[in-house]
Number of protein chains: 2
Amino acid sequence: MKKYSREEARKIINELLVEIFNRILAIEGQNLKDKGIKLSMSEVHVLEAIELTEEPTMSNIAKRLGITIGSLTTAINTLYQKGYVLRERDPEDRRKVVVGLLPKAEEVLKEHDSFHEEMIDSIFEEMELEKDELLIESLDKLSSYFKK
Amino acid sequence: MKKYSREEARKIINELLVEIFNRILAIEGQNLKDKGIKLSMSEVHVLEAIELTEEPTMSNIAKRLGITIGSLTTAINTLYQKGYVLRERDPEDRRKVVVGLLPKAEEVLKEHDSFHEEMIDSIFEEMELEKDELLIESLDKLSSYFKK
DNA sequence: AAAATATAATTTGAAGTTCAAACTATTTGA
DNA sequence: TCAAATAGTTTGAACTTCAAATTATATTTT
């Protein structure tokens, strides 16, 4: 009854990891270019992380992104120069720097979000995935597993 | 009956894209370090691509990796210096360069493979994924979709 | 309260990855 | 044959990231 051996499962997941992931990033990057947005995917990920982080200090954002605070500093420097974010010291604890999104960044994220939405819609349509409910459930578990 | 809205599905896939894949890459990179292997994940991906490419010329490998031939040249330069690959002109068509794996590379790939195997086993065990068959089928479709 | 320690962020210098464009060598086709 | 196409390499630049040194602020210890 089993159609996929463990070996095949490994191969498929490996493929997703090394090929598909990069391909999706490339597609998204191209989409930004097409829209005339002069940001790299890494920069968009930083913006996303800022949006999703409860208390968006340098440390918290870096932690979410899995990069060092030093790396984030340089990323924020350029995003600041380009007018996407603002930064200010936390008055409560002046060691902390709180980062905020400017309207220009919100626009990009909105754009990026709707691109994602479209991509996912077309995946589900073209894939003829009747069992999408189960796929999402599984992906969710996969996601949770790696967050442990 | 549907438990996940399209909005939630988008969120989960987005999470996989921007967080989980990077985390897996980091875990794999750490594993290489732990084993004393002085290669980056990109370099391992190049070795994998060489292994999987039918006729491993520079163009074919670069195409599989989705990078330019120029980028691959620099990657192969360092892998050559480190003693992982050999390169030689194709006698049939002396414009072509055929790349081959040296034993040192085969070892790394074996190591990397068994790490993957273990990782996937533990995913399936700890996730209690009774529906793993369907997950793989779905991931397979997802993979195929992006290869179009 | 002063000194020592811990925390938060920035700066600096270096390495790795990637690209585009210019260039070399070889093959193919008109 | 000679022009065009193909296969790779080289070069110079941009970007991402890190580790280590440094600065500033807060907390803890004595």
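A, B, ... follow the sequence lines: proteins, then strands. Residue 1 opens every chain. All heavy atoms count here, side chains included; hydrogens, waters and symmetry mates do not.
Residue order along DNA chain D, read from the 5' end via each residue's closest nucleotide, puts B/Val98 first among A/Ser40 and B/Val98.
Atom NZ in A/Lys38 sits roughly 16 Å away from atom C1' in D/dC15 (whole-Å rounding). Atom CG of A/Asn22 is separated from atom P of D/dT16 by 15 Å (rounded to the nearest Å). Note: CD1 (B/Ile67) to C1' (C/dA20) measures 14 Å, nearest angstrom. Between the CD atom of B/Glu43 and the P atom of C/dA15 there is a distance of 14 Å, given to the nearest Å. Rounded to whole angstrom, the span from the NZ atom of A/Lys96 across to the P atom of C/dA6 amounts to 18 Å. Rounded to whole Å, atom P of C/dT18 lies 12 Å from atom CD1 of B/Ile76. The separation between B/Lys82 atom NZ and C/dG16 atom P is 6 Å, rounded to whole Å. In this structure, A/Leu39 atom CG and D/dA14 atom P are separated by 17 Å, rounded to whole Å.
At D/dG8, one or more side-chain N or O atoms of B/Thr57 fall inside 4.0 Å of OP1 or OP2 (strictly under the cut-off).
With rounding to the nearest 0.5 Å, the separation of CD1 in B/Ile50 from CD1 in B/Ile76 is 4.0 Å. B/Leu52 contributes atom CG, which lies 11.0 Å from atom NE2 of B/His45 (distance to the nearest 0.5 angstrom). In this structure, NZ in B/Lys82 is found 14.0 Å from CG in B/Leu102, a value given to the nearest 0.5 Å. Between A/Met58 atom CE and A/Thr68 atom OG1 the span is 9.5 Å, to the nearest 0.5 Å.
With no hydrogens or angles considered, a side-chain donor-acceptor pair links B/Asp34 and B/Gln30 at under 3.5 Å.
For the pair A/Arg89 (side chain) and A/Arg95 (backbone), a donor-acceptor distance under 3.5 Å is present.
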So which protein N/O to nucleotides 9-13 of chain D N/O distances come out below 3.5 Å?
{"from": "D/dT9", "atom 1": "OP1", "to": "B/Arg87", "atom 2": "NH2", "distance (Å)": "3.3"}
{"from": "D/dT9", "atom 1": "OP2", "to": "B/Thr73", "atom 2": "OG1", "distance (Å)": "2.8"}

What N/O pairs connect the protein and nucleotides 27-30 of chain C at under 3.5 Å? Give each pair on its own line.
{"from": "C/dT27", "atom 1": "OP1", "to": "B/Arg94", "atom 2": "N", "distance (Å)": "3.0"}
{"from": "C/dT27", "atom 1": "O4'", "to": "B/Arg95", "atom 2": "NE", "distance (Å)": "3.4"}

Handout entry: Test log, rule side chain to side chain contact (heavy atoms under 4.5 Å, CB included), inputs B/Glu28 and B/Ile24
Key = CA-CA 6 Å; B/Glu28 296 192 333; B/Ile24 294 173; 4.1 Å; yes
Handout entry: Check against side chain to side chain contact (heavy atoms under 4.5 Å, CB included), B/Tyr84 and B/Leu39
Key = CA-CA 10 Å; B/Tyr84 287 92; B/Leu39 288 179; 3.7 Å; yes
Exercise for the section: For A/Glu43 and A/Lys38, run side chain to side chain contact (heavy atoms under 4.5 Å, CB included): C-alpha distance rounded to whole Å, both residues' side-chain angles, the deciding distance at 0.1 Å, then the answer. Expected result: CA-CA 10 Å; A/Glu43 290 175 313; A/Lys38 288 199 176 34; over 6 Å; no
